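Numbers for residues simply follow the sequence, beginning at 1. Nothing here was measured: the structure is a model prediction, and the numbers come from that model.
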Amino acid sequence: MSSRRELTVPVDVEAPADAVWRAVTDWEAQGEWMLGTRVHVTSGGDGRAQGARLSAVTGVGPLGFTDTMEIVEWTEPPGNGPRRCVVRHTGKVVRGDGVFEVIALSPTRSRVLWSELLDLPLGALGRWGWPLVRPAFRAGVAHSLQRMARLCEARYRTGA
């Protein structure tokens, strides 16, 4: 039985897709909206390209873990095509793929899809525990995306 589980959370943002894409992929600024997480680019310039490497520290105070990642897909078509970034989680705690997609709904409205395709740890125990952990994990992702949407909308309205 596979230990990979998928979770996808959408949020609509009242801002153009290009502005939303820049906000979502501004790795160093993700700590402003991502719950309990600070992200740093460890190689690859600003981290906006395939092959770039990232390191995220998630937790509160001394309780936390480091999540290392590599960007394995970067799709940024010209115009209003869907933008997509896939990171491969390469750390000891989190394994699998994370996906950010930004889709233009109109010239001033976008949808962000954040998906995690996680390889659950601990074998059968991980598979058994996922239904218990999933609601809290989903709530955290949804909360983070709502914060990102509010920040992005405020910046778009003020021209920042």
Side-chain angles (χ1 to χ4, degrees), residues 2 4-59 65-91 93-120 130 134-160:
S2 171
R4 181 159 274 206
R5 298 295 184 267
E6 181 178 348
L7 176 80
T8 299
V9 180
V11 67
D12 288 357
V13 186
E14 298 296 328
D18 189 52
V20 175
W21 178 246
R22 283 193 312 273
V24 167
T25 60
D26 183 352
W27 309 114
E28 302 281 340
Q30 280 189 352
E32 295 177 29
W33 56 269
M34 196 175 288
L35 193 61
T37 300
R38 294 176 314 282
V39 181
H40 301 285
V41 178
T42 58
S43 73
D46 64 2
R48 289 182 163 126
Q50 187 168 331
R53 293 184 180 272
L54 312 170
S55 179
V57 176
T58 299
F65 63 91
T66 299
D67 178 14
T68 56
M69 296 164 271
E70 179 181 359
I71 297 176
V72 296
E73 181 185 329
W74 185 269
T75 305
E76 191 173 9
N80 276 333
R83 294 144 177 89
R84 177 180 165 96
C85 174
V86 179
V87 299
R88 173 123 331 119
H89 297 283
T90 59
V93 177
V94 180
R95 305 288 291 184
D97 296 327
V99 182
F100 286 112
E101 294 177 283
V102 177
I103 301 158
L105 300 176
S106 77
T108 60
R109 190 162 185 258
S110 308
R111 176 166 295 140
V112 176
L113 299 170
W114 178 356
S115 300
E116 291 289 343
L117 295 87
L118 300 173
D119 296 326
L120 301 178
W130 176 245
R134 184 183 187 283
F137 182 66
R138 186 186 193 296
V141 169
H143 177 77
S144 294
L145 282 176
Q146 288 296 326
R147 286 172 62 178
M148 182 278 306
R150 287 192 302 270
L151 282 168
C152 198
E153 289 165 353
R155 288 178 181 152
Y156 175 63
R157 281 193 304 272
T158 62

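Partners of Trp21 according to the ring pair (Phe, Tyr, Trp, His ring centres under 6.0 Å) rule, which considers only residues two or more places apart in sequence or in another chain, are Trp74. Applying the side chain to side chain contact (heavy atoms under 4.5 Å, CB included) criterion to Glu101, with sequence neighbours excluded, gives Arg84, Val99, Leu113. Checked against side chain to side chain contact (heavy atoms under 4.5 Å, CB included), Arg109 has the following partners two or more places apart in sequence or in another chain: Asp12, Glu14, Leu105, Ser106. Listed by chain and residue number, Asp26, Glu32 satisfy the side chain to side chain contact (heavy atoms under 4.5 Å, CB included) test with Ala29 (two or more places apart in sequence, or in another chain). In this view, Arg95 satisfies the salt bridge (charged side-chain N to carboxylate O under 4.0 Å, His left out) rule with no residue, not counting sequence neighbours.
Applying side-chain hydrogen bond (donor to acceptor under 3.5 Å, both in side chains) to Thr25 and the options Arg83, Arg48, Glu76 leaves one that passes, Arg48.
A donor-acceptor distance shorter than 3.5 angstrom exists from the side chain of Glu28 to the backbone of Val41, with no hydrogens or angles considered. In this structure a side-chain-to-backbone donor-acceptor pair under 3.5 Å is missing from Thr58 to Thr37. The closest donor-acceptor contact from the side chain of Gln30 to the backbone of Val24 lies under 3.5 Å. Formation of a donor-acceptor pair under 3.5 Å by the Thr42 side chain with backbone atoms of Arg53 is found in this model. The main-chain N or O of Met34 is never found under 3.5 Å from a side-chain atom of Ser144 such that the two would form a donor-acceptor pair.
You'll find the side chain of Arg147 reaches within 4.5 Å of the side chain of Leu35, heavy atoms only. For the pair Val94 and Leu118, the minimum side-chain heavy-atom distance is below 4.5 Å. Two residues are said to be in side-chain contact when any heavy atoms from C-beta on lie closer than 4.5 Å; Met148 and Trp114 fail this criterion.
Nearest heavy atom pair, residue Gly51 against residue Glu70, reads CA-OE2, 3.9 Å. Counting all heavy atoms, side chain and backbone alike, Ala15 lies closest to Ser110 at O-OG, 2.7 Å. In terms of heavy-atom proximity, His89 sits nearest to Asp97 at CD2-C, 3.9 Å. Between Thr8 and Ser115, the closest heavy-atom pair is OG1-OG, 2.8 Å. The two atoms that bring Ala104 and Ala17 nearest to each other are CB-CB, 3.8 Å, heavy atoms only. Contact detail for Ala149 and Val11: the closest heavy-atom pair is CB-CG2, 4.1 Å.
Taken to the nearest 0.5 Å, the CG atom of Leu117 stands 10.0 Å off from the CZ atom of Arg88. With rounding to the nearest 0.5 Å, the separation of CG in Leu145 from CZ in Arg111 is 12.5 Å. Annotation: the span from Phe100 atom CZ to Ile71 atom CD1 amounts to 10.0 Å, rounded to 0.5 Å. Summarising the geometry, atom CZ belonging to Arg157 is positioned 10.0 Å from atom SG belonging to Cys152; distances are rounded to the nearest 0.5 Å.
Residue pairs meeting the ring-ring contact (aromatic ring centres under 6.0 Å, His included) criterion with at least one member in residues 23-51: none, sequence neighbours excluded.
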